[in-house]
Enquirer: 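For reference, the structure I am asking about is given below.
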Amino acid sequence: MICMITFWRRKVMVQTVFIKHLSEHIGETIMIQGWLHTKRSSGKVAFLQLRDGTGFVQGVVTKAEVSEEIFARAIALTQESSLRVTGTVVKDERAPSGVELQIQDVEVVYLTHDYPITPKEHGVDFLLDHRHLWIRGPRQRAILKIRAEIIKAIRSFLDERDFTQVDPPILTPSSCEGTTTLFHTQYFDRDAYLTQSGQLYMEAAAMALGRVYSFGPTFRAEKSKTRRHLIEFWMIEPEMAYTTHEESLVIQEQLVAYIIQHVLTHCAIELKTLGRDLTKLQQVIAPFPRISYDEAITLLQKDGHEIQWGEDFGAPHEAAIVEHFSRPVFIERFPTTIKAFYMKPDPARPEVVLCADLLAPEGYGEIIGGSQRIDDPDLLAARFAEHELPEEAYAWYMDLRKYGSVPHSGFGLGLERTVAWICGLEHVRETIPFPRLLYRLYP
RNA sequence: UCCUCGAUAGCUCAGCGGUAGAGCAUCCGGCUGUUAACCGGAGGGUCGUAGGUUCGAAUCCUACUCGGGGAGCCA
């Protein structure tokens with residue numbers, strides 16, 4: 001973009017540049033449109049930390065080089081005032097990004113007063129109440145950029161492998177898995193629920209399009225209050241026709257490894273802002289270690305945990321298992337009784353199902369849950385009866401087995417947990433722009 | 001739902017039975033390389049709410065409200 005500005009009382013042409021591209025404009029006079037992040041000043045020089053969404057850069061206003069009026073305007077700037085600055089891009093070894101802006105003119109777009117989030121520390125409650133402003137900070141910006149890159153990586157990985165994106169409904173007539181608590185709402189004069197998984201619909205889509213994936217929000221009305229839980233979160237749910245459990249695992253580990261590589265190459269600045277230990281991420285190369293549920297139980301018992309075959313893992317168990325690995329680890333073949341009704345039993349051992357959870361390292365918990373699905377109509381009908389599911393509500397799902405049933409597998413990847421892990425965050429609430437938490441619906 | 005911790009200035013916290021404090025932010029002044037800048041000054045409070053104990057409660061007790069961390073459940 002080219003703008004006309006008044007510069008030293010002459011009309012001149014100045015190009016507007018995004019901060020992330022400044023290093024391509026060394027020696028040029030350009031304009032930045034953005035906000036004042038912070039300011040430090042002495043009597044004769046002012047340092048303006050500028051941001052425009054694409055990055056941060058320091059602008060220097062030297063009293064000797066600008067008019068009294070411009071210097072006074074720079075000194076009077078407040079945190080988060082919006083402004084346009086014109087200046088010369090210079091290389092400077094003292095600058096974290098390697099470049100600085102020698103400012104010649106400052107135009108105040110809006111002078112802010114009493115911006116609530118000061119450069120000092122704040123509590124979680126205060127920051128979440130001001131989430132709409134908190135996302136302006138460098139750390140939150142870095143997280144949201146990485147989230148976007150992770151989404152981009154997932155899409156390109158799947159798109160390159162002949163997957164088609166299919167969007168399942170968000171308003172549904174009933175539960176997909178029948179276990180977790182659903183958000184209830186009204187669908188005119190009928191009951192409806194917000195989706196907690198698009199999986200069953202994706203199975204229908206896979207029979208139509210072969211390889212499909214959904215990417216959308218899911219809602220769980222559970223009173224979970226931990227660093228790994230959100231009430232509203234986003235999942236990627238691929239579903240693949242003519243695909244076995246084993247083949248699905250290969251896709252899963254390749255996908256996760258691809259995401260990590262993409263973020264390492266495209267988000268170096270953001271990872272640095274977050275202070276992420278890159279060596280931990282660089283180790284994430286496929287294939288990932290796999291252990292069976294049986295082996296996991298033995299491992300836990302050896303570690304002194306009181307757990308018996310047939311019980312599900314709790315958070316402490318997952319943490320204990322993950323400690324033995326520096327990469328994500330698959331736990332395969334859980335007991336049939338503790339898993340969802342649609343999972344296919346292992347033909348060699350019907351007491352376990354062809355499923356796997358992928359546990360992220362460093363205690364970030366389960367990031368993927370997947371399985372091969374039951375393709376035999378009689379077995380599926382039997383499962384419906386065992387779980388006392390209403391057959392009429394799932395008639396369409398039964399049809400998928402009745403008409404051209406094939407072996408198929410799929411999985412769900414939790415976006416926020418993946419973002420938290422890659423960013424090295426303490427809590428998933430920072431991985432989504434406006435987190436919905438147990439006791440928080442504002443802003 | 002359960003366990004646990006907390007609520008004092010705009011923010012982060014100290015004070016834990018005897019007149020309400022600090023740092024930062026804000027405002028005023030100073031400073032030519034700051035990067036959580038620094039130095040000097042000023043303003044700023046029904047100590048979450050309601051009861052109780054006490055000569056006296058921010059402080060001790062009870063209830064409630066709101067929130068943090070964790071468990072279960074899950075991604």
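Every value quoted in this text rests on a predicted model; they were computed, and no experiment measured them. Residue numbers begin at 1 in each chain, while the letters A, B, ... track the order of the sequences.
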Enquirer: For a stem of at least 3 consecutive Watson-Crick or G-U pairs with distances under 3.5 Å, i pairing with j, i+1 with j-1 and so on, which stems involve RNA chain B?
Expert: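 Stems for RNA chain B, defined as runs of 3 or more consecutive pairs: B:1-7 with B:65-71, B:10-13 with B:21-24, B:26-30 with B:38-42, B:48-52 with B:60-64.
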
Enquirer: I want to verify a distance call: between B:C11, B:C73, B:U32, whose nearest atom is closest to the A:His229 side chain?
Expert: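 Among the listed nucleotides, the one closest to the side chain of A:His229 is B:C73.
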
Enquirer: Report the C-alpha distance between A:Val322 and A:Tyr364 in whole Å, list the side-chain angles of each, state the deciding distance to 0.1 Å, and finish with yes or no for side-chain contact (heavy atoms from CB on, under 4.5 Å).
Expert: CA-CA 9 Å; A:Val322 158; A:Tyr364 284 94; over 6 Å; no

Enquirer: So for A:Ser224 and B:C74, does any side-chain atom that can act as donor or acceptor lie under 3.5 Å from a complementary atom in the base?
Expert: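 Under the 3.5 Å cut-off, the side chain and the base do not form any donor-acceptor pair.
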
Enquirer: Can you find a side-chain donor-acceptor pair between A:His184 and A:Asp191 that sits under 3.5 Å?
Expert: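 On atom types as modelled, these side chains qualify, holding a pair under 3.5 Å.
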
Enquirer: Regarding A:Gly314, tell me which of base, sugar-phosphate or nothing describes its non-hydrogen contacts under 4.0 Å with the strands shown.
Expert: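 Sugar-phosphate: the residue A:Gly314, judged by heavy atoms under 4.0 Å, touches backbone atoms but no base.
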
Enquirer: Does A:Asp312 reach a base, just sugar-phosphate, or nothing at all? Heavy atoms under 4.0 Å.
Expert: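 Result for A:Asp312 = sugar-phosphate.
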
Enquirer: Taking the side chain of A:Arg220 as its heavy atoms from C-beta onward, which of B:C11, B:A75, B:G69 lies nearest to it?
Expert: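 Of the options given, the side chain of A:Arg220 lies nearest B:A75.
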
Enquirer: Return yes if some donor-acceptor pair links the side-chain N/O of A:Glu253 with the main-chain N/O of A:Phe288 below 3.5 Å, else return no.
Expert: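 Yes; at least one donor-acceptor contact below 3.5 Å.
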
Enquirer: Can you check whether any acceptor in the base of B:G23 is under 3.5 Å from a donor in the side chain of A:Lys120, or vice versa?
Expert: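 Result: no qualifying N/O pair found.
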
Enquirer: Could you identify which residues of residues 419-439 of chain A place a heavy atom less than 4.0 Å from some atom of RNA chain B, listed by residue number, or say none?
Expert: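 Residues of residues 419-439 of chain A that come under 4.0 Å of RNA chain B are, in numerical order, A:His427, A:Arg429, A:Tyr439.
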
Enquirer: What nucleic acid atoms does A:Gly43 come within less than 4.0 Å of, heavy atoms only: base, sugar-phosphate, or nothing?
Expert: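 A:Gly43: base contact, heavy atoms under 4.0 Å.
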
Enquirer: Less than 4.5 Å apart, side chain to side chain, heavy atoms only: is that true for A:Arg228 and A:Glu366?
Expert: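 In short, these two side chains do not touch, never coming nearer than 4.5 Å.
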
Enquirer: Any base atoms under 4.0 Å from A:Pro96, or only sugar-phosphate, or nothing? Heavy atoms, all strands.
Expert: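 Touches nothing.
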
Enquirer: Check whether A:Phe157 forms a cation-pi arrangement with A:Arg161 (NZ or CZ under 6.0 Å from the six-membered ring centre, at most 45° off the ring normal).
Expert: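 Yes.
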
Enquirer: Could you check whether the rings of A:His305 and A:His317 sit parallel, tilted or perpendicular, using 30° and 60° as the cut-offs?
Expert: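 Because their plane-to-plane angle is over 60°, the rings of A:His305 and A:His317 count as perpendicular.
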
Enquirer: Let me know, please, whether A:Thr78 or A:Ala64 comes out on the 5' side of the other along RNA chain B by nearest nucleotide.
Expert: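 Looking at RNA chain B, the more 5' nearest nucleotide goes with A:Thr78.
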
Enquirer: Can you tell which of B:A71, B:A75, B:U34 lies closest to the side chain of A:Arg228?
Expert: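 Selected nucleotide (nearest to the side chain): B:A71.
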
Enquirer: Counting side-chain heavy atoms from C-beta on, which of B:A75, B:G33, B:G72 comes nearest to A:Val60?
Expert: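 Of the candidates, B:G33 comes closest.
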
Enquirer: Could one point to a donor on the side chain of A:His122 or the base of B:C11 with an acceptor on the other under 3.5 Å away?
Expert: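 Checked by distance alone, the answer is no.
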
Enquirer: Of the options B:U12, B:C74, B:G67, whose atoms approach the side-chain atoms of A:Arg440 most closely?
Expert: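 Between B:U12, B:C74, B:G67, the one nearest the side chain of A:Arg440 would be B:G67.
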
Enquirer: Where the side chain of A:Asp125 is defined as all heavy atoms beyond and including C-beta, which of B:A25, B:U32, B:G67 is the nearest nucleotide?
Expert: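 So the nucleotide nearest the side chain must be B:G67.
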
Enquirer: Indicate yes or no: at least one non-hydrogen side-chain atom of A:Arg220 is less than 4.5 angstrom from one of A:His229.
Expert: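 No, too far: nothing below the 4.5 Å cut-off.
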
Enquirer: Out of B:C74, B:G33, B:G69, which has the shortest distance to the side chain of A:Lys225?
Expert: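 From the listed options, B:G69 comes nearest.
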
Enquirer: When the P atoms of B:U19 and B:U59 are considered, how many whole Å apart are they?
Expert: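 Comparing P positions in B:U19 and B:U59 gives a spacing of 14 Å.
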
Enquirer: Any idea which of B:C74, B:G68, B:G33 is nearest the A:Val124 side chain?
Expert: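 Comparing B:C74, B:G68, B:G33 against the side chain of A:Val124, the answer is B:G68.
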
Enquirer: Considering only B:U32, B:A75, B:G33, which nucleotide approaches the side chain of A:Arg417 most closely?
Expert: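 Of the candidates, B:A75 comes closest.
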
Enquirer: Just by distance, no angles: are the side chains of A:Arg84 and A:Thr86 close enough, under 3.5 Å, to form a donor-acceptor pair?
Expert: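 Note: A:Arg84 and A:Thr86 side chains miss the donor-acceptor criterion.
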
Enquirer: Take atom P in B:A22 and the same atom in B:G30, then report the distance between them in whole Å.
Expert: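 Here B:A22 and B:G30 have their P atoms 25 Å from each other.
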
Enquirer: Look at the rings of A:Tyr293 and A:Trp309 and say which category their plane angle falls in: under 30° parallel, 30 to 60° tilted, over 60° perpendicular.
Expert: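 Perpendicular, since the angle between the ring planes exceeds 60°.
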
Enquirer: Using modelled atom types and a 3.5 Å cut-off, is there a donor and acceptor pairing between side-chain atoms of A:Thr112 and backbone atoms of A:Glu80?
Expert: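 Judged by distance alone, yes, a pair lies under 3.5 Å.
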
Enquirer: Among the candidates B:G33, B:U26, B:A75, find the nucleotide nearest to the side-chain atoms of A:Phe233.
Expert: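 That would be B:A75.
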
Enquirer: Could you pick out which residue, A:Thr38 or A:Arg94, lies toward the 5' side of RNA chain B when each is mapped onto its nearest nucleotide?
Expert: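 Mapping each residue to its closest nucleotide by heavy atoms, the 5'-most match is A:Arg94.
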
